[in-house]
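Here's the structure, in structure tokens; my notes come after.
Order of the sequence lines fixes the chain letters, A, B, ..., with proteins taken first and strands second; residue numbering starts at 1 for each chain.
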Amino acid sequence: MEREREDDPYEAIEYGDFGTYFRHKKQKLQLQQDEIAALAPPDLAQIFEGIVVYVNGYTDPPIHEIRNMIVQRGGEFRQYLSKSSITHIIASNLTQAKMKEFRNYKVARPDWIVESVKANKLLPWHNFNTLRIPGSLHRLESQSLTSLSFTRSPSIPQEPPSAVQAASLAGSASNDTYSASEIDASRDPTTETHQPSPDPLDDGEFFTEDLDLDQLELQLTPPNTINNTGVASYVKEPLSDTPLSGHENLNVLPTESADLANTDRASSFRSPDTPPPIAPTNGTVSIDSSPGIPHGVIAADVLDTRHPTLIELSVPWNRLNSSVLPGFVEKFYQSSRLHYLSTWKAKLREITAEIQKDKPRLSSISKDRVIMHIDFDCFFASVATRGKPELQNRPIAVAHGSGGSTSNSEIASCNYLARGFGVKNGMQLLKARSLCPDLLVVPYEFREYEDISIEFYKILLSYADELQAVSIDEALVDVTSRCRSTWGQTENTHGGPGNENDDNDMTQTDPGKLAERVREEIFQATGCHASVGIAPNILLAKLSTKRAKPHGQYIWPSAPGTEQTLRELRGPVSLLSSLDVECTPSSDSDKDSQSRTQDAQVEERQRAPKEFSVKDLPGVGYKTMQDLQDRFSVHTLYELQQVSKEELQRICGMKTGEMLFNSCRGIDDSTLASDREKARQSVSAEISWGVRFENQEQVNIFLQDLSKEVSKRLKEIDRKAKSIVMKVMKRKEYVHGHWKHLGHGPVDQFARTGQLPMYTDDPEIIAKEARNLLQYFKFDVLDLRGKFNF
DNA sequence: ATCCTCCCCTAC
DNA sequence: TAAGGTAGGGGAGGAT
Ligand SMILES: Nc1ccn([C@H]2C[C@H](O)[C@@H](COP(=O)(O)OP(=O)(O)OP(=O)(O)O)O2)c(=O)n1
Ligand SMILES: [Mg+2]
């Protein structure tokens, strides 16, 4: 099957006459749109760019007026509900049935369009939400550690370690000072997370150039199953936007037949695909006059008629850092922090599972669990500054390109001093420097991270009944057997950081003491500070750590679901509304705020429990946060507590809705996944940066290299695969703007699954099928961007 | 209902 | 310069 994401005019590749009919209708409509757009005054602000609307039912401004307003200002209009491509639905009111049908769409009243036009800017649609839930929201109610070690892959290139580092650290030390002091920004977990696909969040920037990305993904499947080769059929990519993208996924089966009980995913592929009934447009480079492309589409460089990819590759430096250069894949993986993060996680899971395999399962199920969550403070940044007093008082960030001031690489980790300026993990350097001009950029030290992590895990394993590796710098430990739980049925009246307790029970340590001991031990062993949260479940342990950061600890004071925990989760709200609450760490004594220095204020803010936002909950990212905001106007946990479980489930889904309902009350029954169990289900390799091709030969080499990578990983875990999924990205033609250097830029994504002739880990076989799957799309190599996923 | 497949989303 | 990877939970919607 071919799958395409994003708004491609041909996206809904529906088969049969029905689909053909709709497709024609759609094309016709888009032609009309182009005409309308062409007639529009050229200077209309394109406020609806990227908006694709479907109008349902009768509307106040008649539908054609709405259409004109939208199309003339860069938006698109769909005559039929094309679920995959629409961004919004316009409706004055909805029947019960429609409400249900549109549950997962953004439905706004017509005046959203009208008012936006008046304001000459795109207003937030949720202020015009047709489905807006009425009221109800703001009610006031309310051990064998020594064996632990990474088997280092060939060698971690240590970045331009010495050179750059020496220069930037020692050399510049005189100019800068590093500071360990943190400003509160600790709260925000919002480390700007990387968005893998075209995403509005991209740091507020729009893609202006092409992005590259290739991805190969293999899914593990049971070894015994045999399947047919998925011979690629040819399909032509319609006029669609320019960019081609493709990826392949391979489903792999465990070599040990038993493992993945053949969930033979492959079976789905057995039927040979029939090529989509679309006329092949062969990889024509599109200049695109494709329908649906909004104004402004004119290629950025009107003067240079060469293909954008060729223009990019004409810059020597770009060539040297793109996939046209042999050895690109290896080089990329040596430098990709996200690749390291993923690799480390897999390895740590494997290692800790192995270590814990023998020992009996201790707890994890009991009602009175004691869960400890440990997480290094700004890990990469801490490693950079440890033992370097001259760096302690400076805002620093770990990123590539520490050499010049023109670098716009992404920050992997910044220290808390930098966060005080608003700098965040994941932020691009130019933006970070605009917020914090004195930001010192230091290089990665991948080897160090590994070594430190091993020491870290050794220590934690010595305390663990059960341990779950979360990441290179973070773990969950069940310490029930050696820690006296303090939050039984009776509500704990105090709580708070650094909980003192002089209990010296031999076997049952006080949580506060335990946390102190662990933190100190970690610091002694690694020179880096970690924060610790201890609580009766995983959720509260993580929230405790968040509250403890940086360089602190927090013992959750009360049991899940209790009134006190509800108040704790509300943060300042409860402090304001109920002065009788005694758990306020910050004393009233220093109320003379006028005389306070900023530092003092900062300090106090750090100490006072912060109001938790929904984004603080594990599992709640940008999308869920937006949904809660749009549908319920909910931002904080306090507000979330006011919404019924039914409503949450209706909007967010059964599982997620229940999770949200429980989480905002501190309830979480999930257990530690110590990974002694289940085998991996898939193995994949993908690259979405620097992917640019001039000819098929380069594509083949790239696929070959990725196939080798996947093959290597399969062999490492002694598994084989038979099902493969190829994912590809194809650049959008019309987009203008700027995006990450050599990134994939605006793309459409495509996926195609196939079957290998047998369970295998042979790179040649994998590569062959990958080529077949990619060939199916018949994309112009110049438009290939990234993500060849096998 | 339940299962399955193809995504989207999340986390570090 | 720059290195936007990757595994797994879960939802939508069609097949059974
Ligand atoms: N967008 C991101 C987020 C994290 N990381 C890496 C660098 C971090 O140091 C490490 C750990 O991630 P954390 O989320 O734990 O962030 P920090 O440890 O940097 O800060 P803190 O835990 O104090 O919030 O993962 C990254 O490369 N890119
Ligand atoms: Mg950390």
Does the side chain of [X] get closer than 4.0 angstrom to OP1 or OP2 of [N] through an N or O atom?
| X | N | result |
| --- | --- | --- |
| A:Thr624 | B:dT10 | yes |
| A:Thr343 | C:dT6 | no |
| A:Lys740 | C:dA3 | yes |
| A:Arg713 | C:dT6 | yes |

For [X] and [N], what is the distance between atoms [atom1] and [atom2] respectively, to the nearest whole Å?
| X | N | atom1 | atom2 | value |
| --- | --- | --- | --- | --- |
| A:Tyr333 | C:dA3 | OH | P | 15 Å |
| A:Gln649 | C:dA12 | CD | C1' | 16 Å |
| A:Lys623 | B:dT10 | NZ | P | 8 Å |
| A:Gln681 | B:dT5 | CD | P | 12 Å |
| A:Trp344 | C:dT6 | CH2 | P | 13 Å |
| A:Lys424 | B:dA11 | NZ | P | 14 Å |

Quiz item: Tell me, do A:Leu540 and A:Asp668 make a side-chain contact under 4.5 Å, heavy atoms counted?
Solution: no
Quiz item: Base, sugar-phosphate alone, or nothing: which one does A:Ser471 contact when heavy atoms must sit under 4.0 Å apart?
Solution: sugar-phosphate
Quiz item: Can a donor-acceptor pair under 3.5 Å be found between the side-chain atoms of A:His400 and the base atoms of C:dA3?
Solution: yes
Practice problem: Quick one: closest heavy-atom pair of A:Tyr449 and A:Val398, and the distance? | Solution: OH-CG1, 3.8 Å
Quiz item: Does A:Arg337 count as lying over the ring of A:Tyr340, i.e. NZ or CZ under 6.0 Å from the six-ring centre, within 45 degrees of the axis?
Solution: no
